[in-house]
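What follows is a single structure, written as structure tokens, with notes after it.
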Amino acid sequence: MRTWLATAAFFIRRVSTKLSAVAALLTVSAATSLAQPAGETVGGEAALKLPDLSQVSFFNGSIDGHKLLLIGILFCLFGLAFGMTIFVRLKNLPVHRSMREISELIYETCKTYLVTQGKFILLLWAFIAVIIAAYFGWLSPVPGKSVGLTLPIILGFSLVGIAGSYGVAWFGIRVNTFANSRTAFASLPGKPYPVYQIPLEAGMSIGMMLISVELLIMLFILLFIPGDYAGPCFIGFAIGESLGAAALRIAGGIFTKIADIGSDLMKIVFKIKEDDARNPGVIADCTGDNAGDSVGPSADGFETYGVTGVALITFILLGVKNPTVQVQLLVWIFVMRVIMLVASALSYFLNGAIAKAKYGNAAEMNFEAPLTSLVWITSMVSIGLTFLVSYFTIPVLGNDSSQWWKLATIISCGTLAGAVIPELVKVFTSVDSRHVKEVVKSAEEGGASLGILSGFVAGNFSGYYLGLAMMVLMALGYYMSTMGLSSMGLEADTMLAPAVFAFGLVAFGFLGMGPVTIAVDSYGPVTDNAQSVYELSLIEQVPNVEAEIQKDFKLAVNFERAKHLLEANDGAGNTFKATAKPVLIGTAVVGATTMIFSIIMALTNGLTANVQNLSLLYAPFFLGLITGGAMIYWFTGASTQAVTTGAYRAVEFIKANIKLEGVVKASVADSKKVVEICTKYAQKGMLNIFIAVFFGTLAFAFVDPFFFVGYLISIAIFGLYQAIFMANAGAAWDNAKKIVEVEMKQKGTPLHDATVIGDTVGDPFKDTSSVALNPVIKFTTLFGLLAVELAVKLASENGTTLTRVLALAFFAVSFTFVYRSFYGMRIRAGAE
């Protein structure tokens, strides 16, 4: 805690002088807004006004749009009940006290981490609040409404967004720390099915809760907030959840890989087993599994689902002229979201019945098989329901009776991507993959060097195949958008840029099986933790434990078989953690296209002016394309540097304090010290990154608005391929180690050492830098909506000199923290 406060104080001292630029911005904005003529219409996000949903009827006039979506709230409550029911069931599953004690210790350390992160996020929110207040309070207040009423509401919903990301992350940690010890205990009889079932139940609990909460909040804004400022509330909500997700994803990714590397390297240094209880780094590693692989994905999934919806809402309000069609599309999108929740629940039960019938009493099972079938069943059910419900909801859109199946086809392209992309990812990351086996084969003769090179090959090839797959599915969506979507049987250009809307729907479809995507992603941290809980519990050394378990739980135990099942299941967890990452980053990039369109609409006055500036012939636009790539590569380096320095300090401490003789487990004090080291460097790294991104976004928006559009496009494209490469290369190295441990039984050999080194190189690749690019892209785009309009407004009323001066000041702050992200994070002799 003292470390966090000291870091915050240092930060505030260093940048307080820089904030004078923001103060100047507020002063000028206030003056110009007061000078505006009464009744002048203000454009941009402040003018987003939702139409009256009750003015359009559905299902042959039997119900209006408002009442129809009120029914959707009942489905959200069903989703919440579903998640809580599984939560209670997991809590009440049998578990030996030795394992429960370890999982509760992990939970307590996770709680400490989350509380610290919550305070840190509120500090970061203060910077966002300044810009929101400047925009909605002075520069562009909601037309005809009191600032004293609207501004607190918009700021409040930005906090609701943060609370949503933070809350589902906390729920995910609690569920997973129940599930990890129950999974470890369920392995004792030596049957594989319970070892598979419990992590999946935990994941579905998180997935259903996450999507239901997100949808409930958005329906509340849509149905109960007056239409005049519901649009700005959506923007505030999306910015808040993006900030929460970015902070939790980046800091969690740094934390988990510091701990993971610190723990794993001890296996090479001291020749000790995996998750040796004497290793002080293991508890931190378990905490990191939750901080990085549970907290991060939960917050990220929550934010991705919300931001994609906000992007489509913004497009409909800006790009569709006809109010009736606006209502039809808004209601249809939210009905689709409700149906997708139902589809995931139905598919889960259907797949569960099949898996239980097939594997319930089996002695062996392929843990990946039922997870794969769940993804495909959910995809097919979602696609079927998409067409069925679209037919009844929008049989006629405008005056066109064919658009229902065309729009359903576009969404289905994204839903299909949610199943196809995981299959392609497995080609490069599964324990059965030829690419992963190539990593092992390379390391057999060439050691860590060739193994690492082979992992680079897997990552690069994956970028080619996944990129083409996304392009083909987006191209199909584009093709469908050319079939009358722009007019819908009404006047020409009823919808502007229908291709952009199609891309947004593809991103929407990516999340068509959101609860299942989150479930298979959350499967991994439970399986990883279950192994650790087993070893740390020292259950094999508990006196008379076999007789005790037989008496209390009526179970015969097989310790060796249990350990084998847990290790094999962890390989499946690694694979499916990897499959979810490209889905989320793909959604971020495709969804960002829709958000960027909102900025373009504002800059071109509805595509009627300055369109020629969206061209390589306009130099600032081209320069923005170049700048985005620079930012992505810096971010990758900065996040990895934070891991490197933190891991060095963790290894340094563990090597100096580990006791291998005369003790059975590390002291709680030493374990907590490693957690403290991880937290310290996670927050230092996050602080540098956030301030550099925040002020960089302001700087580039103030340079030139079309420069900024090019910049946003660039970070989306560079970020997509950088994330795919790093995520899949890292997963290939991880599962190469798993092959050596589980299939080849060569722990402690030079080959194992080589693959452990490859795995530690891959750790920040797959779980820090790659995954954090997703919320960074979305946060930059969302925040850019406000930043670029601030810049345009100031330039139009005060000339470009002021905006260029502010751009220079903002860039100076950003560059300072870019510089600090390496030179301030270097490993120094004698420093802690």
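Owing to the predicted nature of the structure, the values given are computational and were not obtained by experimental measurement. Only this structure's heavy atoms are used, side chains among them; waters, hydrogens and symmetry mates stay out.
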Can you tell me if [X] uses its side chain to pair, donor with acceptor, with the backbone of [Y] under 3.5 Å?
{"X": "S796", "Y": "K793", "result": "yes"}
{"X": "S379", "Y": "W376", "result": "no"}
{"X": "S158", "Y": "G236", "result": "no"}
{"X": "K581", "Y": "S770", "result": "no"}
{"X": "S714", "Y": "Y711", "result": "no"}
{"X": "T494", "Y": "E491", "result": "yes"}
{"X": "Q403", "Y": "M483", "result": "yes"}
{"X": "S486", "Y": "T482", "result": "no"}

Distance flag, aromatic centroids of F349 and F82, threshold under 6.0 Å: yes
Aromatic ring proximity, centroids under 6.0 angstrom, F597 and F315: yes
What is the minimum heavy-atom distance between [X] and [Y], and which atoms define it?
{"X": "G65", "Y": "V331", "value": "CA-CG2, 3.9 Å"}
{"X": "T627", "Y": "F707", "value": "OG1-CZ, 3.4 Å"}
{"X": "W332", "Y": "S390", "value": "NE1-OG, 2.9 Å"}
{"X": "T415", "Y": "S382", "value": "CG2-CB, 3.8 Å"}

[X] vs [Y] side-chain heavy atoms within contact, under 4.5 Å:
{"X": "M631", "Y": "V776", "value": "no"}
{"X": "Q328", "Y": "V56", "value": "yes"}
{"X": "R337", "Y": "I211", "value": "no"}
{"X": "M340", "Y": "I411", "value": "yes"}
{"X": "F702", "Y": "L790", "value": "yes"}
{"X": "N613", "Y": "V709", "value": "no"}

Tell me if the [atom1] atom of [X] is crowded by more than 12 foreign heavy atoms within 6.0 Å.
{"X": "F387", "atom1": "CZ", "answer": "yes"}
{"X": "Y618", "atom1": "OH", "answer": "yes"}
{"X": "F75", "atom1": "CZ", "answer": "no"}
{"X": "Y391", "atom1": "OH", "answer": "no"}
{"X": "K67", "atom1": "NZ", "answer": "no"}

S54 and D52: side chain donor to acceptor below 3.5 Å: yes
Identify which one of [options] satisfies the side-chain contact (heavy atoms from CB on, under 4.5 Å) criterion when paired with [X].
{"X": "F783", "options": "L243, V693, L698", "value": "L698"}
{"X": "M513", "options": "I377, L341, T378, V381", "value": "T378"}
{"X": "L712", "options": "I596, T697, I600", "value": "I596"}

Side chain to side chain contact (heavy atoms under 4.5 Å, CB included) between L397 and W404, worked out: CA-CA 7 Å; L397 185 64; W404 69 267; over 6 Å; no
Stepwise side chain to side chain contact (heavy atoms under 4.5 Å, CB included) test for I235 and I239: CA-CA 6 Å; I235 298 294; I239 290 174; 3.9 Å; yes
Under the salt bridge (Lys or Arg N to Asp or Glu O under 4.0 Å) test, residues paired with K778 that sit two or more places apart: D300, E303
Parallel, tilted or perpendicular: ring planes of F234 versus F334, cut at 30 and 60 degrees: tilted
Worked verdict on F501 versus T594 for side chain to side chain contact (heavy atoms under 4.5 Å, CB included): CA-CA 7 Å; F501 184 60; T594 312; 5.9 Å; no
Atom pair OG1/CD1 of T587 and I777 - distance to nearest 0.5 Å: 11.5 Å
